Peer 1: 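Can you keep this structure in mind? I'll have questions shortly.
Values reported hereafter were calculated over all heavy atoms of this structure, with side chains retained and with hydrogens, waters and symmetry mates removed. Chain identifiers are assigned alphabetically (A, B, ...) following the order of the sequence lines, protein sequences preceding nucleic acid strands; residue numbering begins at 1 within each chain. Computed from a predicted structure; not experimentally measured.
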There are 2 protein chains.
Amino acid sequence: MLQLTKRTEYGMLALVHMLDRDGEYVSVREICERYPLPKRTVAEVLKDLARNGVVESQRGAGGGYTLARSPDEITLGHVVSALEGAPALTSCESALVLKNGGCEVQPSCPIRSPIHRVRERLWQMLEHTTLRSLVASGGHVPLHTAAASAPHAP
Amino acid sequence: MLQLTKRTEYGMLALVHMLDRDGEYVSVREICERYPLPKRTVAEVLKDLARNGVVESQRGAGGGYTLARSPDEITLGHVVSALEGAPALTSCESALVLKNGGCEVQPSCPIRSPIHRVRERLWQMLEHTTLRSLVASGGHVPLHTAAASAPHAP
DNA sequence: GCAATTAGCACAAATTAGATGCGCTTTGAG
DNA sequence: CTCAAAGCGCATCTAATTTGTGCTAATTGC
Ligand code: SF4
Ligand code: SF4
């Protein structure tokens, strides 16, 4: 299906929150207090992002995750790539099919190369969608502003 | 996942074959003789394409399917839309989630609107990829030429 | 009449994604 | 030094989605 996974969504939300908390380490708990997401799954997602160098982790009390790079350098492409693997529009581009001997049609496939080009462009779109451009273009209200109406403020 | 379904692939292959057989009715059997695809599933796919007006069907002996419109008017977008439903990058755009009460995050979602724009552009890409542009830009060898036992294009 | 071929609907099998269980390691606070 | 907060790793279970079949009916040309 032509749809992002929930994991990717969780990842983006987490990253946005980290951007709000500029530079500080934020815990999974904190993220899930802000957004109603399944804690454990978000934790798995963050781990994957850490493994892929999108975020940095700090263990122990007071630890958590923080952006490993500038919000201008982190792109939707990085997140998708880290959480779903490189996008492969056709089956023959996905590693899964290759293990099963590959596609039977491939030798005479008329759509393969053209669809590769489509994927190429899609990929470029994702790579050009930076984390900053996300928050900049949306109706996003930064944390402290929102927290003004919230009961607790550290 | 950011990937086209096999059904979409089957559909595109079938359409390309129909384009080759310009105007004639081609049966599912014939398509599966040309490409090694699961016959019954391809049949289901073609039925869906017919319901959505992408191809025309003719029942009975000598019947089959043929393009319902010009190859310039049939797009990847049509096929995807007919076989996978309109692409919904985020969960909140998909009808499935709406039935379950929608997304909890939505009221304060910072990524919703920006990602909608990404989907918009993706959708445009698909709509601008016509069937003709597919065969025109690939290394596709039309049917009769290939049947003339030419292992390589000149 | 008969064989070829699509239509319709349901269902089982396979694959993928989502969510948890559980124990271990690290680290700052007290 | 102790302890609670956090992350790490891996296995596993469940739910959702996709893919492939079964079966029967309706058409159509010869
Ligand atoms: S070779 Fe063609 S048919 Fe086979 S997976 Fe690739 S695109 Fe699809
Ligand atoms: S509202 Fe935000 S979090 Fe919820 S589904 Fe839409 S994009 Fe994802």
Side-chain angles (χ1 to χ4, degrees), chain A residues 1-11 14 18 24-33 36-52 55-66 68 80 82-85 87-88 90-91 94-97 99-100 103-104, chain B residues 1-11 14 18 24-33 36-52 54-66 68 80 83-85 87-88 90-91 94-97 99-100 103-104:
Chain A
M1 221 195 329
L2 220 34
Q3 183 173 333
L4 297 172
T5 63
K6 287 187 184 174
R7 282 166 50 92
T8 299
E9 244 175 66
Y10 298 164
M18 286 180 215
E24 298 180 69
Y25 281 97
V26 302
S27 66
V28 172
R29 179 186 48 73
E30 182 183 319
I31 292 172
C32 293
E33 276 167 6
L37 305 177
K39 187 173 169 184
R40 288 292 309 282
T41 304
V42 171
E44 294 296 323
V45 167
L46 270 293
K47 276 189 271 189
D48 281 345
L49 287 179
R51 288 194 192 100
N52 284 272
V55 297
E56 251 172 35
S57 67
Q58 171 63 49
R59 304 220 277 192
Y65 296 94
T66 193
V80 169
L83 300 177
E84 312 184 11
T90 58
S91 333
S94 110
L96 300 166
V97 167
K99 288 177 186 171
N100 302 332
C103 174
E104 306 273 332
Chain B
M1 221 196 327
L2 220 35
Q3 181 173 333
L4 297 172
T5 63
K6 289 189 184 175
R7 281 166 51 92
T8 299
E9 245 175 64
Y10 298 165
M18 286 180 215
E24 298 180 68
Y25 281 98
V26 300
S27 66
V28 172
R29 179 186 49 73
E30 182 182 319
I31 293 171
C32 293
E33 275 168 7
L37 306 176
K39 188 173 170 184
R40 286 293 309 282
T41 303
V42 170
E44 293 297 322
V45 167
L46 270 293
K47 275 189 268 189
D48 282 346
L49 288 179
R51 288 194 193 100
N52 283 272
V54 176
V55 298
E56 253 171 32
S57 67
Q58 172 63 49
R59 303 220 274 194
Y65 296 94
T66 193
V80 169
L83 300 178
E84 313 184 12
T90 58
S91 332
S94 107
L96 299 165
V97 167
K99 288 178 184 169
N100 302 332
C103 173
E104 306 273 333

Peer 1: Ignoring backbone atoms, test whether A:Ser57 places a side-chain nitrogen or oxygen under 4.0 Å from the OP1 or OP2 oxygen of D:dC8.
Peer 2: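 Affirmative; the distance criterion is met.
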Peer 1: For A:Arg40, check salt bridge (charged side-chain N to carboxylate O under 4.0 Å, His left out) against everything at least two apart and list the hits.
Peer 2: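 A:Arg40: no salt bridge (charged side-chain N to carboxylate O under 4.0 Å, His left out) contacts found.
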Peer 1: Grab the CD1-P distance between A:Ile31 and D:dA5 for me, whole Å please.
Peer 2: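 Whole-Å distance recorded here is 18 Å.
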Peer 1: With sequence neighbours left out, write down each residue that passes side chain to side chain contact (heavy atoms under 4.5 Å, CB included) with B:Thr90, or none if nothing qualifies.
Peer 2: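 Expected list: A:Glu9, B:Cys92, B:Glu93, B:Ile115, B:His116.
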Peer 1: Between A:Thr5 and B:Arg51, who's closer to the 5' end of DNA chain C by nearest nucleotide?
Peer 2: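 This one resolves to B:Arg51.
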Peer 1: Among residues at least two apart in sequence or on other chains, which ones pass salt bridge (charged side-chain N to carboxylate O under 4.0 Å, His left out) with B:Glu44?
Peer 2: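 So B:Glu44 forms a salt bridge (charged side-chain N to carboxylate O under 4.0 Å, His left out) with B:Lys47.
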Peer 1: What is the distance from CG of A:Asn52 to P of D:dC8, rounded to the nearest Å?
Peer 2: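 Those two atoms, CG and P, are 13 Å apart.
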Peer 1: Whole Å only: how far is the CD atom of B:Gln3 from the C1' atom of D:dT19?
Peer 2: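 Spelled out: CD on B:Gln3 to C1' on D:dT19 is 13 Å.
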Peer 1: Counting any heavy atom closer than 4.0 Å, what does A:Tyr10 reach on the DNA or RNA strands: base, sugar-phosphate only, or nothing?
Peer 2: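 Sugar-phosphate contact only - A:Tyr10 comes under 4.0 Å of backbone atoms but never of a base.
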Peer 1: Can you list the residues that meet the salt bridge (charged side-chain N to carboxylate O under 4.0 Å, His left out) rule with A:Arg29, with sequence neighbours excluded?
Peer 2: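 Salt bridge (charged side-chain N to carboxylate O under 4.0 Å, His left out) check on A:Arg29 returns A:Glu33.
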Peer 1: Under the salt bridge (charged side-chain N to carboxylate O under 4.0 Å, His left out) test, which residues partner A:Glu24, sequence neighbours left out?
Peer 2: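 Scan of A:Glu24 (salt bridge (charged side-chain N to carboxylate O under 4.0 Å, His left out), adjacent residues dropped) gives A:Arg21.
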Peer 1: What is the nucleic acid contact for A:Tyr65, judged by heavy atoms within less than 4.0 Å: base, sugar-phosphate only, or nothing?
Peer 2: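 Answer is sugar-phosphate: A:Tyr65 comes under 4.0 Å of backbone atoms only.
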Peer 1: Tell me the interatomic distance from A:Leu4, atom CG, to C:dT16, atom P, rounded to whole angstroms.
Peer 2: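 Atom-to-atom, A:Leu4 to C:dT16, this comes out as 18 Å.
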Peer 1: To the nearest Å, give me how far apart CG (B:Leu2) and P (C:dT16) are.
Peer 2: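 In whole Å, C:dT16 P lies 15 Å from B:Leu2 CG.
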Peer 1: If a protein heavy atom is under 4.0 Å from the base, mark B; if only from the sugar-phosphate, S; if neither, -; do that for nucleotides 21-30 of chain D going 5' to 3'.
Peer 2: BBB--BBBS-
Peer 1: Measuring from the side chain of A:Arg7 (C-beta onward, heavy atoms only), which nucleotide among C:dT16, C:dG18, D:dT18 has the closest atom?
Peer 2: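 Selected nucleotide (nearest to the side chain): C:dG18.
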Peer 1: Can a donor-acceptor pair be found between the side chains of A:Thr8 and A:Thr5 at a distance below 3.5 Å?
Peer 2: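 Judged by distance alone, the side chains do pair up.
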